[in-house]
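By convention in this document, chain letters (A, B, ...) are assigned in the order of the sequence lines, proteins followed by strands, and residues within each chain are numbered from 1. From a predicted model like this one, the values you see are computed outputs, not experimental measurements. Only heavy atoms go into these numbers, but all of them, side chains included; no hydrogens, no water, no symmetry mates.
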Amino acid sequence: MPDNKGYLYFPGCSLRATGVAYEESLLELFRVLDIPLQELEDWNCCGATSYMAVDEGSAFLLSARNLSIAGQKENHDLMAPCSACYLVLRKTQDYVAHYPEAGRIVEEGLMAAGLKPFNGVHVRHPLEILYNDVGLARIKAQTVRKWQGGKLACYYGCQAVRPYDEVDRPHDPVRMDELMNAVGAETVDYSLKTKCCGGSLTGTIHDVGIRLNYILLKEAVRKGAEAIVTICPLCQFNLDAYQSEISRQSGEAFDVPILYFTQVLGWALGGDPKALGLRRSIGGKGLVRKWFSPSQEVLAHA
Amino acid sequence: MSEAVFEPRIVAFFCNWCTYLAADLAGTSRMKYPPNARVIRVMCSGRLDPQFMLKAFADGADGVLIGGCHPGDCHYQEGNYKCLRRFHLLKWVVKEMGIEDDRFRLEWISASEGDRLRTVMIDMVEKVRALGPLHWNAPVEEVAVS
Amino acid sequence: MKPKVAFYWCASCGGCEEAVVDLAESILDVVAAVDIVLWPVALDFKKADVEAMEDGSIAAAFINGAIRTTEQEEWAHLLRRKAQTVIAFGACAQMGGIPGLANFSNRAGVFQTVYQESPSTVNAEGVLPETTHRDNGHTVTLPGFFDTVQALHQVIDVDYYIPGCPPTPQLLADAVTALLAGKLPEKGTVLAPDQALCLDCPRKDTKPERLAISEFKRPHQILIDQDKCLLTQGLLCLGPATRSGCGARCIEGNMCCTGCFGPTSRVRDYGGKVLSAIASAADSNDEDQILSILAGIPDPAGTFYRYSLPVSELQRKRL
Amino acid sequence: MPEPNGAIRVGVYVCHCGSNIAGIVDCKEVAEYAAGLIHVVVSREYKYMCSDPGQDLIRNDIQEHNLNRIVVASCSPHLHEHTFRVATANGGLNPYYMAMVNIREQDSWVHTDRQAATEKAKDLVRAAVRRVVLQRPLEKARVAIDPNVLVVGGGIAGIHAALTLANAGKHVYLVEREATIGGHMAMFDKTFPTLDCAACILTPKMSAVKAHPNITLWTYSDVEKVDGYVGNYNVRVRRRTRYIREDLCVGCQECIEACVYKQPKFADEFNQGLGKRRPIYLPFPQAIPQTPVIDRDTCIEFKTGKCKKTCLEVCGDRHAIDFKLQDQVEEIKVGNIILATGFQPFDAKRIPYYGYGHYPNVYTSLEIERLVNASGPTNGEVVLRDGKTVPKSIGIIHCVGSRDENTNRWCSRVCCMYSLKLAHLLKEHTGADIFNFYIDMRTPGKSFEEFYQRLLGEGVHFIRGKVAEVTDWVFDPSEEGKLTLRVEDTLLGVVRRIPVDMVVLSVGMEGHQDAQDVRRLFNITCSTEGFFQERHPKLAPVNTFTDGVFLAGCCQGPKDIPDTVAQAGAAAAEALALICAGYVEQEPNCAYVIEEQCSGCKTCIPLCPYSAITFREDNRAEVNPVLCKGCGTCVAACPSGSLQQRMFEDDELFAEIEGVLAYV
């Protein structure tokens, strides 16, 4: 679809909390791309993770309310940057369409709330928007700062790519890699790109969560990556926030920047470094400062 | 059949090579579907004279289902296309006579699609059940007073 | 003494009466040969006179028109009693004919159109016909009007049918001759050839062996070729499905056959059969294309059942 | 219609089929109901109508009660219509005075409500009774069988079928798409469980085909068009040109050596791309025919027109090479067709988490066949893609693209055995540690299980579990530089990580990509899995629903070499049976014109797919009964009702419609 009419934007809780750097860099990136984003008014929790596990029906209803609001809008492309939001919204549509039981719950719920049933809402993820709607060609063309930083490991996590295959190939996604390459960044063949980041396990069964993140960091480094790039606030948080603890436990010192792909792209496309939420990084502060500093500005098309 | 829940009468015309075999396959695979349809076998859906379908409605069928080979797969090369042409023109006529769309269907079901046959049967019965009886052959009481 | 013959008209336009008159001179032979005891359109007889006749005293009753009122029904029964042979005369008596198209509606619908909606009507009070009406002490009555129009044989037992809208004088003459000679065929026969019109069509040689219609035309849309098969010109000629015996008069007049002679004896539902033949000729295997080709046929049901709706499988529209 | 013996007397027979029908349909009630129908004189229920006593029941009743119409309510007419026609004929009636009612496949087997199923059976029986009353006596027409046979596909199935027929003195056209016959079997190294060399047993048969006077071999050719019917098929075959005349080429192969490409440069299909070939090449040394092919896409002459054409020079006055050669189109007449088009191996790329195409040292089983083969790309030396390292540990994953909801659900039947074979061969060649990962070990076949035992003895490791992924991420230093298989060992009940140097994916079998086109070409059906559908899974495994078209080998479903050869023989025998009979009887269901009623409107003529209707001098249509296949399309269209179809007359069908609906 033509990006001039822009997208409806569903931030979700993460982008207003642990993942605020994601929102900052995303908004800056779309600003430089000159693609308008219209925040969905009066949006509520997407119903993700724990809620989905406690009471599926209510979780669907939470999502359904957001979809219903979006359904009344002119623009039906609803962008959900958080993988969890993306998945639950998408899953709600899917279940309502294919499982009468879920359909009934949602229909009755919406009716009780005086909301219209949603139709034609197209749930989108920024990775797939940048790849399909904007396109590598335009990204290349608009790259002003050639990437001078180190090799990157693109980490997709699970929720954005499975079970739905609209964001990328479920088992071997490549679009983030291609976007990174498009702005001159080299990516490593990272075999764990869709493995588990522990999700909320870091909060519940801590040891397991920590171990999973340890594996991710260790393999990225082994493959020669100096930073990990993510498309999901939860992945980013887990990998970033627990690095010191992981280092302590494993006795291996990790100091790896965990970036959002929108930060790298935003920077490459000439966004204001201050607007990219870079200062919020925990791991690999030094590298982040180095890579995104004016000294690194090499004109791409010079 | 008890009128408690209305059990529609469906007359199904199946071609010998695809849909009739699909119905046999559904049987050998022990798939279950409602018993409302009565199947009449013809060699090819191209044999179906619109008079047959009209007759079925006139005699009290609540729905008529035609099953033929998928386009391009007709055992007789193009019989199903002839059926398709007649079906559409007949469907308009039948509609003008006040018979709802869901009562008259043409479905392409190949010999290997036992499951599809089952789905179509279930769907057709449910849709016709929802429409209620047609009872064309029920005597019309004529009151001449105005 | 001469055999008694009766002519009666029910729901019809009068065209069939014309057919009788069209016997021209030869009508005198008929008059000479038979004794016309009833012919409302030409001579004045009262119902009482007919009732007074002995049952079976009329040799043959030619009844034209469909049955749509109680009066017509009564007359049909009356004549059935009085006549040895009843002949359904013309398309309306045989199949319901043009009046039969009223079966796409019902009494209420017909009254609505005729007494209220038709442009020529001024009926502010919305007065509709009633079977009985009291007016200062007097009661006037009208026949009842049926919801459904019926062909003659759907009301009484019919011996023979003479098709056509109207029938040709020739068919009538032949029938009368056969009647007088006592040479009538098996009961229930349609007194006309049992093949389709194409057989007698003057243009039959111009029809290609592989007809495929990619667009249906309407007479006003094209300059109709005087000599070419009308179907090949994309016109909806129903000749292939229609009984011959009319002498292809419409074709001679460069017009399509509309099917007034009805189907051959092998066909149960004229409309269903003719649409099958027509649809088969649609020149495409692509569903959308098929639809757009067939969409060129105006009012399919009305076209294919123009004369035969009341005797078709479905007989009338479901309201 | 007039009866030889006066009134119409119908006998109705309701079959229990053991409990298959009687389990749901109340056969007694149905029979009693039928007894009350007009014209019905006898109405019985019986356990197995298709059994001899069942058939005798019909015969005796016909004589005792002088019945003149028979109705049998049992299974699908596709199964037993013939049986009961014969029974009817044995009673002295015309076999077409029988009508069959399907109350098994389309009633008892698909419904659960006893009462409703019984009502349905009654309706169908009532309709059949009304129909049978109107049925006419008919005679089957005979059609002569052309003794020539077309065999499509030159794998072991096609080869064996062709030789069988040729040895029986019938002429065979063997058409193969590739440049050589031999099919997949020619690519195999050894065959399980006997481990005899595939080439050694196959190549003699290949040469026999070439040499056989009764076989016309067309390789590098495709069947383009098929029409006609059993006994009389007209087939058009396109022989793609190889730019080398088969008649002039002596197979010296000097042209190949002489090619301007000093070194082979292009991926060699026969060796699964593990080896290289030149633009002018012979698929493999024992190829039949021994005529090289020039590949347009890689040949310089075709790409630029500026080649030195050294091949042409060396061929010299033999003039076998001609760059201007065109495809040849052959038109042949055959009576029977045997399809032996084989299978295609599952594309391992479809399972990304096994890393095929991503990690160089992940191989398909077919690649390994070539790798261990003495005449293969490495002359039988098993090395990794780097061309030198000999693997010290090898993992073989079974059921890749088989028994898998995400790809193919069916078992490919041969993978367990060939995986064992490869395990043996690889161990033999490399002495490596070999791990077989299997879901279930399936070794049903003569001395298959023994072979499995033997492998266990050879110290091959067997791990029961579906491999989750093949990955290069390192968890433990021992995994560095290796491929790690992550798998749940369901016998130990633990998740294991097993690092290996080489991974072999035992890919399953699929129907060919173009199976659908082929199916249409020959007017047969495909199962949902994409294999050709046999007429009956048990009783007609090599027949199709199109008479005179038979199946052999893996195009019908996965099978090993012995089963394939057996089936090929069976297909040949089926064809021979028809040829020897000399004729087939045609179902008398063709259309006919009621002359005196036809008005010559020509509506029917363009509708006939077989041009069986002609327009006569006397302005009437006429149906040629030999060409008519009995679809009835013309009948439905005849606007004056002057065309009818035998066995499906208008009045018979109207009676059937009235019958099913005449309920109270």
Separation between CZ of B:Arg38 and CZ of D:Arg126, rounded to the nearest 0.5 Å: 8.5 Å
Any side-chain donor near an acceptor of the partner, D:Asn523 and B:Asp73, under 3.5 Å: no
Pairing residues for B:Phe14 by the ring pair (Phe, Tyr, Trp, His ring centres under 6.0 Å) criterion, not counting sequence neighbours: none
Best-contacting candidate, B:Gly114, B:Ala56, B:Ala111, against chain D by heavy atom pairs under 4.5 angstrom: B:Ala56
Test of ring centre spacing under 6.0 Å for B:His75 and D:Phe545: no
Validation row: B:Lys55, D:Leu661 side chains within 4.5 angstrom (heavy atoms): no
Part of B:Lys32 within contact of chain D (heavy atom distance under 4.5 Å): both
side-chain contact (heavy atoms from CB on, under 4.5 Å) between B:Asn16 and D:His78, intermediate numbers included: CA-CA 9 Å; B:Asn16 183 61; D:His78 281 280; 2.9 Å; yes
Part of D:Thr525 within contact of chain B (heavy atom distance under 4.5 Å): side chain
Check against side-chain contact (heavy atoms from CB on, under 4.5 Å), D:Asn102 and B:Tyr20: CA-CA 11 Å; D:Asn102 184 342; B:Tyr20 194 90; 3.2 Å; yes
Contacting region of B:Cys18 [heavy-atom separation from chain D under 4.5 Å]: neither
Which of B:Asp24, B:Leu25, B:Asp59, B:Val42 touches chain D most, by non-hydrogen pairs under 4.5 Å: B:Asp24
Value rounded to 0.5 Å, distance of CD in B:Gln51 from CD1 in D:Ile657: 9.5 Å
Partners passing ring pair (Phe, Tyr, Trp, His ring centres under 6.0 Å) against D:His111 (at least two apart in sequence or in another chain): B:Tyr33
Side chain, backbone, both or neither of B:Ala37 within contact of chain D (heavy atoms, under 4.5 Å): backbone
Closest heavy-atom pair and its distance - B:Gly72, D:Arg520: O-CD, 3.4 Å
Engaged part of D:Ala127 at the chain B interface, taking heavy atoms whose separation is under 4.5 Å: neither
Heavy atoms from other residues, nucleotides or ligands near CZ of D:Arg114 exceed 12 (cutoff 6.0 Å): yes
Part of D:Gln533 within contact of chain B (heavy atom distance under 4.5 Å): side chain
Option in B:Asp115, B:Leu48, B:Thr28 with maximal non-hydrogen atom pairs under 4.5 Å from chain D: B:Thr28
Salt bridge present between B:Arg41 and D:Glu81 (N-O < 4.0 angstrom): yes
Distance, nearest 0.5 Å, that separates OG of B:Ser112 from CD of D:Glu529: 8.0 Å
B:Asp49 side chain reached by D:Val635 side chain, heavy atoms, under 4.5 Å: no
Criterion side-chain contact (heavy atoms from CB on, under 4.5 Å) on D:Met647 and B:Met43, from CA distance to verdict: CA-CA 10 Å; D:Met647 293 176 68; B:Met43 294 310 284; over 6 Å; no
Pairing of B:Arg47 and D:Asp650 as salt bridge, 4.0 angstrom limit: yes
Identified side-chain contact (heavy atoms from CB on, under 4.5 Å) counterpart of B:Gln77 within the set D:Pro609, D:Cys631, D:Cys608: D:Pro609
Engaged part of D:Cys75 at the chain B interface, taking heavy atoms whose separation is under 4.5 Å: neither
Reported CG-to-OG1 distance for the pair B:Asn80 and D:Thr633, which is rounded to 0.5 angstrom: 9.0 Å
Part of B:Val39 within contact of chain D (heavy atom distance under 4.5 Å): both
Residue part contacting chain B, namely of D:Arg104, when any heavy atom lies under 4.5 Å: neither
Side chain to side chain, D:Trp109 and B:Ser29, heavy atoms closer than 4.5 Å: no
Contact winner vs chain B - D:Ala117, D:Gly630, D:Ala591, heavy-atom pairs under 4.5 Å: D:Gly630
When D:Thr112, D:Leu607, D:Asp113 are compared by non-hydrogen pairs under 4.5 Å with chain B, the top option: D:Leu607
Greater than 12 external heavy atoms within 6.0 Å of D:His82's NE2: no
